[in-house]
Structure formats: structure tokens, C-alpha cells
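The analysis underlying the following values was restricted to heavy atoms, covering all of them including side chains, and did not include hydrogens, waters or symmetry mates. Per chain, numbering begins at 1; letters A, B, ... match sequence-line order.
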Number of protein chains: 2
Amino acid sequence: MDSNTIARIQAIITKNSELFEELAQLYKLFGDSSRVKILCALTQSEMCVGEISEFLSITQSAVSHQLRILKSSNLVKSRRQGKNIVYSLTDEHVKTIIDCGMEHLSE
Amino acid sequence: MDSNTIARIQAIITKNSELFEELAQLYKLFGDSSRVKILCALTQSEMCVGEISEFLSITQSAVSHQLRILKSSNLVKSRRQGKNIVYSLTDEHVKTIIDCGMEHLSE
DNA sequence: ATAAAATATGAACATTTGCTCATATGTATT
DNA sequence: AATACATATGAGCAAATGTTCATATTTTAT
């Protein structure tokens, strides 16, 4: 590496240090099988807690806990519908990110 | 959700259960700020352990540990060059994935 | 108003994770 | 051959994480 390259990379890293923190934080959300399953299910359709719990064979409590994390990170949103609370993806990025990872795995 | 939708989603989830495990495992690698920084640095240029350590202000030992994880997951590869061991990305997917996450953050 | 249903939440616990420190290993230099 | 340099590795530790269990909260149905 020449000194120009070194300076450039050095700059990128130190300048965006905080950004990397956020990026890691984002990926951490996808880094748990329960959560990716939840997110992937939601790419297909919005659904309520009970359905998610049933689909994924995860405790209702566990699902709730994970949904809280996903919601506070703005990956999902929720609305009440009668007795149920229906969850859905906030935007299309989640699907994009999942697809991106899947792409890597299929090699 | 109609029963067709339910059946379809149910199928997707149970059929690919193992895949989600792998996907989560993959994202977990990006879910640590030290590792994304390392990976991002490597998108710019191959470099040796000492350089990474210097760039990121992380202990040499810590860098080595993380590189071992990244290598055993096939995200990076290494070769010896004199006294140093030079690390580089295995393929372009890492960059794609990082960009994909960055995209999400820039909103 | 009361009971049932759906979801949320807090505490406790076991597991995982990432770092540090000390040291081992391997290569280059003299 | 001996020393210095670069990297790897293992043990130990503290912090973070995900789950479970019990219970609280909120809405619906009777």
C-alpha cells in the first residue's frame, strides 16, 4: 500500500466510525435466526403475534420480545386490529437485505 | 390471511429452516463494529494484520481473533508475504452486503 | 362486570461473545 | 544460531444476548 492509499483508508475509517457502529447494530438485528425468520415471514404478509409464534414454533413470549427489539429499531411497525396486534415491515429495505444475504449463501 | 397464504408461508419457513440459521450466522459476522470495520477496510485494499490493527485502533490480538472468525467463515482469505500475512476479501459479496446495509442507514 | 383471549413485560438464567493478557509459533535479519 | 518482528492462540473474564416463566395489561365476549 502506498501512502496515499493508507491516508485515504485511514480517513474513511475514522470519519465514519459512528456509521460503522450503526451498521453493525443493523446487522445484529438480522444475526439471530428467530429474528430473520420473523422478518422473512413478514416479507410475505403482515401478521399478528400469534401467527408468527405458530409459524415459527417459537414461544409467544419470545416472539414478543423480539418484535419489541425489531420495532424499536424501526424495522417493523404494528397496529391493533381487534384482539390482535398486527405487525408488518416498515419498508422494503428488510427484504432487500435478506435477499442480499441469501444471494451470498447460494453459491 | 387466507388459508392459501398461511400454507404458503408455513411451507417457506419450515422448508428453509436450516437456511435461516445460515443466514443469521452470516449476518452475525457483520453485526460487530470491529468486524465490519475490518471488512470495510478490506474492500478498499488487501492489508496485513498490523495495518488493520493500526487503522482501527484495535489490539493486534483482537484483530487476529476476528480475522480468524472471518476466515473460517470464508469471508476473507490470507496469504503470507514475507514477515506479514496479508488478508483480503474472498469475493465481492462482502462489499455488496455492506453497501446494502449502508443504503438502509442513509434515509 | 367478569371471564377469556392476545400481547407485553420483568426477572432470572444459561449461553455466547469479544476483549485482554500472556505466550506460542513462524519468519526474517544479523 | 540468536534475536527481533509479525501473527496466532488459549485461558479467563465481563458484558451482552435470547429464552423461559410468571404475571401484567388491554381488549373482546358473555
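Where A/N84 and A/S61 each meet DNA chain C at their nearest nucleotide, the meeting point lying more 5' is that of A/N84. Positionally, the nearest nucleotide of DNA chain D for B/R68 lies more toward the 5' end than for the other of B/R68 and A/G31. Position along DNA chain D of the nearest nucleotide to A/I69 versus B/C48 favours B/C48 as the more 5'-ward residue.
For B/K83 and C/dT29, the NZ to C1' distance is 7 Å, given to the nearest whole Å. The interatomic distance linking B/F30 (CZ) with C/dG18 (P) rounds to 14 Å, in whole Å. Separating the CG atom of A/D32 from the P atom of C/dT16 is a distance of 13 Å, rounded to the nearest angstrom. When the C1' atom of C/dG18 is taken as reference, atom NZ of B/K37 falls 14 Å away, rounded to whole Å. Atoms CZ (A/R79) and P (C/dA6) sit 17 Å apart, rounded to a whole Å. Distance, A/E51 CD to C/dA6 P: 11 Å, rounded to whole Å. Put simply, CD on B/Q60 is 18 Å from P on C/dG18, counting in whole angstrom units. Distance B/I85 CD1 to C/dG26 P: 11 Å, rounded to the nearest Å.
Residue B/Q66 is in sugar-phosphate contact alone, with no base atom involved, counting any heavy-atom pair closer than 4.0 Å across all strands shown. Among the protein residues, B/K28 comes within range of the sugar-phosphate backbone only, with heavy atoms under 4.0 Å from sugar or phosphate atoms but none that close to a base.
Counting distance only, with no hydrogens placed and no angle test, the side-chain atoms of B/H65 and the base atoms of C/dT20 include a donor-acceptor pair under 3.5 Å.
At least one side-chain heavy atom of A/Y27 sits under 4.5 Å from a side-chain heavy atom of A/I97. Within the 4.5 Å cutoff, the side chain of A/I13 has no heavy atoms near those of the B/C40 side chain. Proximity of B/L67 to B/I52: side-chain heavy atoms (C-beta onward) are separated by under 4.5 Å at one or more points. Between B/I69 and B/H65, the closest side-chain pair of non-hydrogen atoms is not below 4.5 Å.
Bounding nucleotides for the chain B contact on DNA chain D, 5' to 3', at a heavy-atom distance below 4.0 Å, are D/dC5 to D/dG10.
Between A/V86 and the choices A/E51, A/R79, A/K77, A/M47, the side-chain contact (heavy atoms from CB on, under 4.5 Å) rule is met once, by A/R79.
When distances are taken from the side chain of A/Y87 to each of C/dC19, C/dA8, C/dT17, the shortest belongs to C/dA8.
At C/dG18, one or more side-chain N or O atoms of B/R35 fall inside 4.0 Å of OP1 or OP2 (strictly under the cut-off).
At most 12 heavy atoms of other shown residues, nucleotides or ligands fall within 6.0 angstrom of atom CD in B/E18.
At least one donor-acceptor pair under 3.5 Å links the side chain of B/T90 to the backbone N or O of B/V76.
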